[in-house]
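This report refers to the structure that appears directly beneath it.
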Amino acid sequence: MTTMNKSLIHLLLVCCGTGCVANGAREVYQALKDNLTSDDKAVLAATTSARATGCHGLCAQGPFVRILPEDITYCRVKAADIPEIVEKTLKQGEVVKRLLFRDRQKKTLVQGQNDIPFYQRQTRVALRNVGLIDPSSLQDYLERGGYRTLEKSLLDMRPEQVIEEIIKSGLRGRGGGGFPTGLKWKACAATPAQPRYIICNGDEGDPGAFMDESIMEGDPHSVLEGMIIAAYAVGASNGFIYVRDEYAQSVASLRKAIEEAENHGFLGENILGSALSFNIEIVRGGGAFVCGEETALIASIEGNVGEPRDKYVFPSEKGLWGQPTIINNVETWANIPVIMERGASWFTSLGTEGSKGTKVFSLVGKVANTGLVEVPMGTTLREIIFDIGGGVPKGRSFKAVQTGGPSGGCIPSELLDLKVDFDSLSQAGSMMGSGGLIVMDDRTCMVEVVRYYLSFLAGESCGKCVPCREGIKCLLEILTRICHGQGEIGDIALLEDIAETMQQASLCALGRTASNPVLSTLRYFREEYLEHIEGQRCPAGICRELSEFWIDPVICTGCGLCLPRCPVEGIKGEKKQAHWIESDKCIRCGECIDSCSFQAIKVK
Amino acid sequence: MELIIDGKTCKANPGDSILNVARREGIAIPTLCYHEAFGGQGSCRLCTVEVTAGGRSRLVASCTYPVSEGIEVKTSTPAVEKIRRNIIMMLYKRASGSVLMQKLYREYGCSENSLGEKEEERCIVCRLCVLACEKMGTSAISTVMRGIDKRVGTPYDQAATACIGCAACAHICPTGAIEVLDSGNTRTIWNKNFNLINCERCGQPFATREQIDHVSRLSGIEDAELCFCEECRRKKLVGKMQGFSPC
């Protein structure tokens, strides 16, 4: 383990992504600033600077303080730890070991961020600046090469060349549809009507997904630069960034970036002395999941109810106010400048045959290292969940991973070696969606999980078309019944019948994919449905009416951990003797199972 | 341009929907949320048909799908019929109090299943009422909530100031879900009471004061000219025309 070189100029990066801010990152940053500038440490202030950055990605371990150039990464830092970091590390050149990342598999301490397994297998393209720059500083972005490609595109390339480059890169929309971005631009440029509009879709609504948030917060200029390049390519004069209302920090970050870009001639009239004039406005969404669907989003910007329309004519021909409109997701926009900088052939060297480049996933659920990961397309689920994510915690076993948000599908352990890209996920009955990965362990009831997703969609569908509105209602009714032990034999066929109609006849992608959770679990976990209906048993011990718990006396050590966790005092037994559950008292909450370190508590 | 519907070559204009063309050609496609006054909404999806364009077949809503040269449309395939049957089944489960839905449920041969029924409900949220109200220039009702709770209502379910009691919503409703209670000279609709005024000629109560004022304001026709019920207005017109011969 190397020590610090005190004679170098040091940069301290404090993660101030929304997750870390909730865990006191702002206080950590303030404490650091205070400690560096206090009088007796004036020397330190001259050789050290602190920077509040966007999300570092490994959210389970935040807040982070990362010291460059040595790359010493401190995890779970509290404001109270700052004096010690300043005193020991910055002044004496010693590493504070208790704050280092603990690799539980290898049982070692890891000093640098680049040595943490979570980061080692990642390729950061869309997230290239997130966590390194201060998002409020245009200077930071320029130092990382920002706006250079805009200049190159604007001054040295013709619009059609820009479009050609994006087509050649094979970039596909990162918002879920996977439509080729370049073709979308080409169609827009080929539609004669003026004016034309550019929209950034920042209405990330999947529960547990925050990749777009992290880019908007941590690297807003890359989104702006992508949009300005597109404005040049298709001849647009106005742009809109639609951000969901919950993302206050994203809005603040983007607002500041727009202001700075305007002040420096990257936005406004005659950008960089060229003929291009382009403005960007922020529109705050009202928090409806369906407004992530592009035609609903457009309706929302127009001031109408956020309901989709049929897309037999694409927005690239008839979009906002009936004009040609390019609408791309945040992550897609962040990819544009780097493709223009490094070229389409570099981009196509990453990824698979049909899906080029990288994809950011938000890895959440029952996985050790929750956070944001960016990997080349074609990385297997196993690599993402086990090598990067560190596997399922608490000695439990992996059961399924839900990809693509609430209307994605659940993929079982047999398919862990699936190479993740747009096409392979669709073939497996799921979808890429915006890149949510929710890991589930053996304490997950698949029927109950699907019921949860359907109840989410029941509130978030716009309710305009019959297959989606009434279909979700019917599916939810049947699933609820099955979870309560009132399922009937015909229910599975009925679920499949309704799900198929929803897929084929719904108006928008939300309705067409809303039945994915049902269909994918019926494909991979059909037995579990049958157990609920015919066996009147929930194998995961989640559905209360169908669960009964018992303690295996051979395994139970009588440690007593479960006793205080039982809310009804239903567990009995002497210390160091096998315990038992009084079944008439048990309310089947499952607290005991989750507290047992020996997996001695079983479901009948 | 030309397209083929169920084997028949049909002429169409750019901007036509498949449904427009089919109706002109006398080819029946069932609808619930469509009305020629408003154009296609694409919300009930009962008008789903199979379209083959550029060698690729897909299921689309015929009321919103714009025709293009050479497409081939099939208005009734097993897949289309199955979708229609399921749509009717689901809508019947929602609105089994409606006579129309009961009739369609039988017609489409929907099978009995274990889905629950709500007897009282009649509304199928086709939104024709909302569009009619909008067309009247009042917009007193709209859809409220979203997802499975979406329904039609006035703002906060209170008596709407914008409502003129014209009952256009109730007239257009295909399932009779909107209640209009006329009793003597009083009309109650959407939780609001109106006084009905009497026809100048026959003395029957026929319209609300607010409705006459609204129409007068929009059309520029004097109030006095409007105060006749439909029957008497027709008779009056015939009287006027008696002295007029086009030959």
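Residue numbers start from 1 in every chain, and the chains themselves are labelled A, B, ... in the order their sequence lines are given, proteins ahead of strands.
- Within 6.0 Å of atom NZ in A:K186, 12 or fewer heavy atoms from other residues, nucleotides or ligands are found, so the atom counts as exposed in its surroundings.
- Annotation for B:E81: atom CD counts as buried by contact number, over 12 foreign heavy atoms lying within 6.0 Å.
- For a residue to count as touching a neighbouring chain, one of its non-hydrogen atoms must lie under 4.5 Å from one of that chain's; by this rule B:R127 touches chain A with the side chain only.
- The structure places CE of B:M90 at 10.5 Å from CD1 of A:I472, a figure rounded to the nearest 0.5 Å.
- Around CE of B:M1, the count of heavy atoms belonging to other residues, nucleotides or ligands within 6.0 Å exceeds 12.
- Distance check, rounded to the nearest 0.5 Å: OG of B:S43 to CZ of A:R309 gives 15.0 Å.
- Of all non-hydrogen atoms in A:C465 and B:G42, the two that sit nearest each other are CB-O, 4.2 Å.
- Residue B:V80 does not touch chain A at all, counting heavy-atom pairs closer than 4.5 Å.
- Only the side chain of A:V313 comes within contact range of chain B, with heavy atoms under 4.5 Å apart.
- With a threshold of 4.5 angstrom between heavy atoms, A:L507 approaches chain B through its backbone and through its side chain.
- Neither the backbone nor the side chain of B:S111 comes within contact range of chain A; no heavy atoms are under 4.5 Å apart.
- Heavy-atom neighbours of A:E527 CD from other residues, nucleotides or ligands within 6.0 Å: at or below the threshold of 12.
- Around the CZ atom of A:F314, the shell of radius 6.0 Å holds no more than 12 heavy atoms that belong to other residues, nucleotides or ligands.
- The part of B:I124 that comes within reach of chain A is its backbone (N, CA, C, O), which places non-hydrogen atoms under 4.5 angstrom from that chain.
- The CD atom of A:Q503 sits 11.5 Å away from the CG atom of B:L59 when rounded to the nearest 0.5 Å.
- The structure places CD of A:E470 at 10.5 Å from CG of B:L115, a figure rounded to the nearest 0.5 Å.
- The CG atom of B:N86 sits 6.5 Å away from atom CD1 of A:I498, with the distance rounded to the nearest 0.5 Å.
- One N or O on the side chain of B:R45 and one on the backbone of A:A505 form a donor-acceptor pair closer than 3.5 Å.
- In this structure a side-chain-to-backbone donor-acceptor pair under 3.5 Å is present from A:Y312 to B:A61.
- Your options are A:M502, A:E488, A:R481, and the one with the most heavy-atom pairs under 4.5 Å with chain B is A:R481.
- The side-chain heavy atoms of B:L91 and A:V466, taken from C-beta on, include a pair separated by under 4.5 Å.
- Atom SG of B:C44 sits about 10.0 Å away from atom CZ of A:R469, to the nearest 0.5 Å.
- For A:D497, the parts sitting under 4.5 Å from any heavy atom of chain B are the backbone and the side chain alike.
- Between B:R146 and A:E307 there is no salt bridge, since no side-chain nitrogen of the basic residue lies less than 4.0 Å from a carboxylate oxygen of the acidic one.
- With a 4.5 Å cut-off on non-hydrogen atoms, A:E477 touches chain B through its side chain but not through its backbone.
- For a residue to count as touching a neighbouring chain, one of its non-hydrogen atoms must lie under 4.5 Å from one of that chain's; by this rule B:R151 does not touch chain A.
- In this structure, the portions of A:Q504 lying under 4.5 Å from any heavy atom of chain B include both its backbone and its side chain.
- Taking a 6.0 Å sphere around NZ of A:K473, one finds it holds more than 12 heavy atoms contributed by other residues, nucleotides or ligands.
- Within a 6.0 Å radius of NZ in B:K82, more than 12 heavy atoms belonging to other residues, nucleotides or ligands are found.
- Ranked by heavy-atom pairs under 4.5 Å with chain B, the first of A:G306, A:G459, A:G490 is A:G459.
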